[in-house]
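Here is the structure we will look at.
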Number of protein chains: 2
Amino acid sequence: MNRLTGLILLSGSSPSTTNIHYLSGFTAPDAFLYLKTASGGWLCVSPMEKARARNQSTAGTQVFTPQELGLSGKKAWNYVEQIKALMEKAGVKRLQVPIDFPAGFFQTLEKQGIKISIDRNPTCPERKVKDAAEISKLRKSQQAAVAAMKSGIALIGSSKIGKNNLLYIGREKLTSEKVRQLIHKTLIDHDCAGVETIVAGGDQGTDPHERGSGPLFAGQSIILDIFPRSEKTGYWGDITRTVCRGPAHPELKKLYIAVKAAQLAALKMVKPGICADEIHRNCCEIFEKRGFQTLEKEGRHVGFIHGTGHGVGLDIHELPRVGKSGEVLEAGHVITIEPGLYYPGLGGVRIEDTVVVTEDGFRFLASCPKKFELL
Amino acid sequence: MNRLTGLILLSGSSPSTTNIHYLSGFTAPDAFLYLKTASGGWLCVSPMEKARARNQSTAGTQVFTPQELGLSGKKAWNYVEQIKALMEKAGVKRLQVPIDFPAGFFQTLEKQGIKISIDRNPTCPERKVKDAAEISKLRKSQQAAVAAMKSGIALIGSSKIGKNNLLYIGREKLTSEKVRQLIHKTLIDHDCAGVETIVAGGDQGTDPHERGSGPLFAGQSIILDIFPRSEKTGYWGDITRTVCRGPAHPELKKLYIAVKAAQLAALKMVKPGICADEIHRNCCEIFEKRGFQTLEKEGRHVGFIHGTGHGVGLDIHELPRVGKSGEVLEAGHVITIEPGLYYPGLGGVRIEDTVVVTEDGFRFLASCPKKFELL
């Protein structure tokens, strides 16, 4: 980017919101603009946000209100006018925007004769490699996730098995909702927020994005997938465990053992220089060898139906992907390793840890036991 | 829209994500496409989401995976290819997109010769008027907000006033963080999630978007702004109260009384047919008459520095706005009324309720006492 070109980001879409947070240190609930130029960053925020933006933004970021850019009346609330005023203030003549920039404003700027083009590269590829401060923030979120996981598993483990294999705490049926509530409260005690946490038993667990609801049963696999966001730093954690209250059917146990083996094998492959899709392919092979096919059955995809992992940072899903279109891992990448198997009628199993790629391998961000049967 | 034109939405940006949720009944953490045509809705989701999408989507919505649309390999993961395949399946020849559709995909579609234009009108203006089922969902979220508010205020009210006016619970200093934790836990008990809840005392409260941190003090105004999202329905609640532990300075009391008067006057004006900016102007006048000016002072905006309210639904901020660019209210609109005054050195006060516009006035979604001094 030369000094006459600026990259403009508008918060409110993904991943521009977190890119602005990453670049400027500032974020806000309402949409606002950020201009990145060769000489630094330029925020345009409402008068209400000005003081906070000045306090929170990093060195090299200048904060303006629309009024300070010379806009008044209705123009002050118009993003296109704000962009043009920011360009003038920053002395740039050409604009780039990321793919997720709103088409409506893109078209208006173009029609008004602004030289604007789309930069199809990731806006902040440097986000993939985390520095020590970021790793420390991610570790705290992961520690919160582990504490919440332990509280959830302890609750399931303490349940009594009643009629029809229903689980009970005292006289009340234990439900996905109750386990999720406890998990969320534990996250709050660790300054994190949990949303969409998965506690899915039996066939519910065979849909990896099903959050789970209703009573839990003995003998079924229960997937707990917890991904808290720190209320302080905005960084995420991500962990999954699968448990079974009471003894599991031998076939279900085999499923668990296969996933655990694939996850361990995958973790062992994590190091700088490896292509992430090799790790994914290895998981697939381990499953195939053990007879766990991935295919379409009665209109549903069963088996290993998602990628092996993803980057974690200011977004819960960010680069690098650990899947078919994987990239070469580098030291400082923070990724999940989370193979899983899903067979309606039998159950779902997923085991996930978040790790940082080190010079010679990987390190868990936080450790958490893996135990399937809670007897 | 004629039968050869379709409107395409991609989740991941605001407000398209919630528009898809509103139109199709389905939402998911990862981005996916929705095509709206004269004959119905067409979802394109990953194989992993298919079963859930079919279960959750409303009548008239058809669900496809990229593979079912004839895409394979890398093409299956490409939104532009998915859009073209959806168009073919739905038999539409022209596309419209909302303002927030990603510019990158817009440009690619245009370059590939697709007839595509930007619809600059709100995608779902009908979202403004809530039906009985929606109002019931909003009421539940608002009831959760009220319960959480009561728990937070009770905690502040139960605190002891110690040295330097610090507030204590037992031997521990009462902080914004502790009040927020209790509020969030109460929300969890009501199946809601609270994020970015504001508990801001003294000068922190004079920045309306400052969440608040650190010890709370007697004699200062403490703003509590709670906006929970139901984990079940996705609908939001929104409430603000301002309290003061111990007696307040007479000037601060005047501030509170002015805001309370403005809020009551604003509520009384709420009815179908009124232009929302009249309500806002009336708040401004009440403040001016009582000597509470809105102006810039030492580089900061002070006084009544935000709008009077906003719509609430599947988004926490949605239409109609209750501010300068306000619209005419209609029965079924659900809006907040939340005037506030902010003076660094004195404090901030905001009082907010969420109400539904009825045929002859308004109804609170849930009621919550207003009491400033907790003596």
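Letters go in sequence order (proteins before strands), and every chain restarts at 1.
More than 12 heavy atoms of other shown residues, nucleotides or ligands fall within 6.0 angstrom of atom CZ in R52(B). Atom CZ of R211(B) is surrounded by more than 12 heavy atoms from other residues, nucleotides or ligands within 6.0 Å. Within 6.0 Å of the NZ atom in K75(A), the count of heavy atoms belonging to other residues, nucleotides or ligands does not exceed 12.
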### Message
Please evaluate residues F26(A) and V45(A) with respect to the criterion side-chain contact (heavy atoms from CB on, under 4.5 Å), reporting the C-alpha separation (whole Å), side-chain torsions for both, the decisive distance (0.1 Å), and the verdict.
### Response
CA-CA 10 Å; F26(A) 179 69; V45(A) 300; 3.8 Å; yes

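At a cut-off of 3.5 Å, with distance as the only test, a side-chain donor of H209(A) or E49(B) sits close to an acceptor on the other residue.
Interatomic distance, CG of L43(A) versus CZ of F32(A), reported as 6.0 Å (0.5 Å rounding). Taking OG1 of T308(B) as the start and NZ of K324(B) as the end, the distance is 10.5 Å to the nearest 0.5 Å. In this structure, L33(A) CG and Q82(A) CD are separated by 5.0 Å, a value rounded to the nearest 0.5 Å. The distance from the CG atom of L71(B) to the CD atom of Q67(B) is 7.5 Å, given to the nearest 0.5 Å. Taking OG1 of T17(A) as the reference point, atom NE2 of H21(A) lies at 11.0 Å (rounded to 0.5 Å). Here the straight-line distance linking atom CG of L109(B) with atom CD of E81(B) works out to 9.5 Å at 0.5 Å rounding.
Only the side chain of H301(B) comes within less than 4.5 Å of a heavy atom of chain A; its backbone N, CA, C and O stay farther away. For E296(B), the part lying near chain A is the side chain, with the backbone staying farther off; criterion is any non-hydrogen pair under 4.5 Å. Heavy atoms of T108(A) lying under 4.5 Å from chain B belong to its backbone as well as its side chain. Both the backbone and the side chain of E210(A) have a heavy atom closer than 4.5 Å to some heavy atom of chain B. Both the backbone and the side chain of D189(A) come within contact range of chain B, each with at least one heavy atom under 4.5 Å from a heavy atom of that chain. The contact between H317(A) and chain B is made entirely by side chain atoms (from C-beta outward), counting heavy-atom distances below 4.5 Å.
Interface remark: of the candidates V195(A), D207(A), I99(A), I99(A) forms the most heavy-atom pairs closer than 4.5 Å to chain B. Of all the listed residues (A193(A), P29(A), P15(A), S16(A)), the one sharing the greatest number of non-hydrogen pairs under 4.5 Å with chain B is P29(A). Annotation: maximal heavy-atom pairing with chain B below 4.5 Å, among K74(A), R180(A), R120(A), K50(A), occurs at R120(A). With respect to chain A, the highest number of heavy-atom pairs below 4.5 Å among T65(B), D30(B), I188(B) belongs to I188(B).
Residues of residues 226-234 of chain A placed with any heavy atom under 4.5 Å of a heavy atom in chain B are listed by number as R229(A), E231(A).
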